[in-house]
Amino acid sequence: MNEIVWVYGLGGSSRRYFSKKHDIILAFNKTRNYFFRKPTTLATSQKMKGKRKGMLNVWNDIPSLNNMALVD
């Protein structure tokens with residue numbers, strides 16, 4: 001149905017390949033009968049100041065998770 005690319009700054013680097021600094025989040029549905037409400041975010045441009053706009057499928061403003069953090 002759709003995919004989201006989550007881009008982050010942490011991770012390894014390689015001399016032989018592009019650095020893998022993203023994850024792909026896939027969204028599936030069993031049927032074609034589904035409801036989707038596109039998430040919105042505040043616009044940052046002067047032209048659209050104070051208005052909301054639809055989010056893109058590339059997310060680069062979410063901080064990386066700490067893989068050493070304890071989960072309760």
May I have the list of side-chain donor-acceptor pairs in residues 51-59 shorter than 3.5 Å, sequence neighbours left out?
residue, atom, partner, partner atom, Å
R52, NE, T40, OG1, 2.9
R52, NH2, T40, O, 3.1
R52, NH2, T40, OG1, 3.4
W59, NE1, L56, O, 3.1

Less than 3.5 Å apart, which donor and acceptor atoms pair up between the side chains of residues 24-38 and the rest of the protein, not counting sequence neighbours?
residue, atom, partner, partner atom, Å
N29, ND2, T31, O, 3.0
T31, OG1, N33, N, 3.2
T31, OG1, N33, O, 3.3

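Atom-to-atom distance recorded for Y8:OH and H22:NE2 is 7.5 Å, nearest 0.5 angstrom.
S19 meets the side chain to side chain contact (heavy atoms under 4.5 Å, CB included) test with S13, K21; sequence neighbours excluded.
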